[in-house]
There are 2 protein chains.
Amino acid sequence: MEQSDAAIRTRGAERKAPPTIYDIARLTGVSPSTVSRALNKPGRLNAQTERRIRDAAAELGYRINPMARALPTGKTGTLGLLVSDITNPAYFDLVRGAERVASETGMTIVFADSQESPELERATAERLQTSVDGLLLVGSRLEDHQIQDLSSVKPLVVVNRLVEGIPAVIPDVRPGITTALELLREAGHRRIAYLAGPEASWMNGQRWQNAFEIAVEWDMSIVEIKSNAPTREGGAEAFGRVKAADVSAVLAYNDLVALGLLRECRDHGLDVPGRLSIIGFDDIFGADLPTPALSTIRMPLAALGERGIRRLLTEIDGGESEDESALPTEFVGRESIAAAKS
Amino acid sequence: MEQSDAAIRTRGAERKAPPTIYDIARLTGVSPSTVSRALNKPGRLNAQTERRIRDAAAELGYRINPMARALPTGKTGTLGLLVSDITNPAYFDLVRGAERVASETGMTIVFADSQESPELERATAERLQTSVDGLLLVGSRLEDHQIQDLSSVKPLVVVNRLVEGIPAVIPDVRPGITTALELLREAGHRRIAYLAGPEASWMNGQRWQNAFEIAVEWDMSIVEIKSNAPTREGGAEAFGRVKAADVSAVLAYNDLVALGLLRECRDHGLDVPGRLSIIGFDDIFGADLPTPALSTIRMPLAALGERGIRRLLTEIDGGESEDESALPTEFVGRESIAAAKS
DNA sequence: AAGTTGCTGGCAATCGGTTGACAATTTCTA
DNA sequence: TAGAAATTGTCAACCGATTGCCAGCAACTT
């Protein structure tokens with residue numbers, strides 16, 4: 001009974017309109033523009049007047065209406081963050097980093113994902129652009145010119161991607177891969193495979209490219225194996241091809257793929273790391289959970305998110321920040337690698 | 001060289017203002033209000049005129065300015081989604097579900113987390129409220145009256161929580177817990193523990209309450225063990241207390257805690273499930289990864305997200321939807337439980 | 001033929017802030 | 001003490017849509 005009464009009360013409650021600067025103006029006997037100045041241009045007004053207005057605002061519980069402000073200024077106080085797949089744990093830390101910087105600077109982040117679909121990505125990006133001050137594209141699957149087009153509308157920064165003329169924040173995968181391959185070589189591995197990610201992913205290209213160069217330089221044989229999706233399912237599904245490739249170690253596009261493959265190996269009785277060593281990328285949540293725990297190349301995700309937002313903010317301010325150096329990656333050794341069977 | 005040229009070109013580009021209805025009006029020789037009608041009130045205008053205007057809009061690449069529309073209508077087309085901890089994989093599916101419904105209905109979701117801090121949650125909620133049409137509070141750590149206060153400002157729906165007078169979407173944990181305890185009892189367990197979550201979590205109360213009732217009914221002894229945080233660290237940290245409690249099975253507040261405890265057991269040589277059975281809640285990403293794989297009580301996360309948003313939308317429309325039934329949970333048996341040592 | 005009705009489209013006010021220009025008042029300078 | 005300079009607050013236009021009201025016109029009634 002009480003419950004339903006309360007329900008009616010709350011639902012029926014005609015929510016009173018929030019106070020505006022006009023209310024404050026009336027209460028303090030000044031004009032609305034004066035209120036606006038008191039709140040936004042400290043020092044522009046007489047100190048007493050400003051005090052009086054601020055007090056009144058506080059008393060009324062005034063909150064600025066972002067929409068109303070956005071109209072004349074064109075600034076919404078919102079940033080868009082678009083990732084390729086929200087269910088990839090790799091984005092946790094990145095989002096956290098981005099969020100921290102944003103809230104420090106009083107910005108709000110709108111978070112969306114494109115579910116690995118370029119078409120959906122473009123549509124979402126365009127939709128977001130109408131209501132944000134700038135866009136952060138993480139691991140975009142769009143083509144260069146599409147990104148450039150978007151960038152001509154509103155400030156835009158890419159993460160994990162390089163596009164001509166577009167400000168970017170990227171990691172340097174070289175150190176991590178170098179350490180990983182070094183270890184493999186020392187452990188006697190001579191034939192390795194790279195289990196690929198999406199072709200549209202720039203990051204995938206980087207990882208393959210670097211692994212390739214280093215392997216060649218060190219006289220290890222390396223092959224690229226396709227996978228259908230950068231997910232655990234995709235990794236599991238590639239098991240047959242990996243097995244057929246007759247390699248002793250696999251570098252997988254990311255930890256999801258690596259975990260999928262790892263599990264499939266176990267289910268098929270293929271000993272990891274006894275007969276096959278597996279290395280992933282990202283060091284996502286859960287990489288340390290399986291037995292054997294997954295070795296991986298850790299990306300500086302939080303830093304990528306932070307820098308990405310910071311870069312976007314200076315871009316919005318029209319600032320001329322030079323490109324910063326790529327953020328280093330790091331190999332994380334766990335149990336999924338061992339010496340190659342001779 | 002090319003790169004820096006391009007950089008200058010794009011950065012220096014004075015981005016042209018996007019087209020407005022005034023541009024369309026000028027181009028087609030009608031008044032702006034007519035353009036507005038053509039675009040929003042199909043049928044209100046002469047079919048030919050409408051066609052002409054729509055074509056012109058398409059040609060100019062017109063996109064409505066949500067801010068400008070929000071001012072007179074008061075509708076922003078945005079919904080706020082506030083979770084307690086963005087790094088909890090349990091929210092994946094929930095967010096995905098919410099996002100799907102939102103984008104189906106043309107709404108944008110603003111996603112934020114409160115990092116388990118009630119103070120931050122309140123502040124974030126208030127900030128969001130100024131720019132959204134409604135708020136979805138998932139696993140809120142606020143007190144009832146705080147939620148009621150928020151609800152008096154803008155439409156609000158809670159998920160995983162019940163507050164008097166506030167529309168809610170919740171799961172029914174009973175079936176899952178029942179099955180789990182049934183299994184434990186059949187396996188000979190007589191002394192079990194519940195490893196608690198945050199006191200401010202309503203869901204924690206539910207899980208404990210139900211487990212308690214069922215255990216008592218079935219003559220199993222049950223104790224509640226505190227944990228400091230609903231994370232893997234929190235679970236690991238509780239190991240000592242669990243061990244000291246001399247129980248043969250643990251029901252943990254969520255999978256994160258369960259995974260933390262599981263790992264700590266392994267590291268301390270305590271055999272799971274040989275000497276201790278462990279069950280979590282949520283069935284998050286990674287629950288199946290460890291050895292032994294974690295048994296858990298799965299929550300209908302995607303459905304919670306979907307229903308939450310749908311409920312919020314009818315709330316915004318002022319619709320009088322009655323409360324739907326709670327969504328059932330389901331026990332997922334994996335390797336982390338076994339017969340109790342006699 | 002006068003009156004009704006229905007369809008089209010324009011006018012103008014409005015949402016809640018921001019900001020350049022300016023007037024009124026005070027303070028400073030010589 | 002007159003005149004210049006600095007300070008303080010108001011006016012009014014503007015951002016880009018939405019919408020109630022109304023007028024013009026054609027078709028339809030009776």
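We name chains A, B, ... by the order of the sequence lines, and we start the count at 1 in each one. As the structure is a computational prediction, the values presented were derived from the model and not from experiment. Hydrogens, waters and symmetry mates play no part in the numbers below; they use all other heavy atoms, side chains included.
None of A:L81, A:L136, A:L82, A:I309 except one satisfies the side chain to side chain contact (heavy atoms under 4.5 Å, CB included) rule with A:V159; the exception is A:L136. Under the side chain to side chain contact (heavy atoms under 4.5 Å, CB included) test applied with A:R311, the options A:V169, A:I316, A:V158 reduce to a single match, A:V169.
The span of DNA chain C lying next to chain A, judged by atoms under 4.0 Å from heavy atoms, is bounded 5' to 3' by C:dG16 to C:dA21.
Put simply, the side chain of B:E306 never gets that close to the backbone of B:V101: no donor and acceptor are under 3.5 Å apart.
Listed by residue number, the members of residues 27-37 of chain B with any heavy atom below 4.0 angstrom from DNA chain C are B:V30, B:S31, B:S33, B:T34, B:R37. The stretch residues 43-60 of chain A has no heavy atom under 4.0 angstrom from DNA chain C at all. Remark: A:L71, A:P72 in residues 61-76 of chain A come within less than 4.0 Å of DNA chain D through at least one heavy atom.
Ring geometry for A:F92 versus B:F92: interplanar angle of 30 to 60°, hence tilted.
Side-chain contact between B:D113 and A:R96 is present, with heavy atoms from C-beta onward closer than 4.5 Å.
We find that A:R26 and A:D23 are joined by a salt bridge, their nearest charged nitrogen and carboxylate oxygen being less than 4.0 Å apart.
For the pair A:Y22 OH and D:dC11 C1', the computed distance is 12 Å after rounding to whole Å.
Rotation axes derived from the C1' atoms of the five outermost pairs at either end of the helix from C:dA1-D:dT30 to C:dA30-D:dT1 lie 40° apart, to the nearest 10°.
Remark: A:D144 engages A:R161 in a side chain to side chain donor-acceptor pair (under 3.5 Å) (not counting sequence neighbours).
Residues B:E99 and A:A112 approach most closely at OE2-CA, 3.5 Å, considering heavy atoms.
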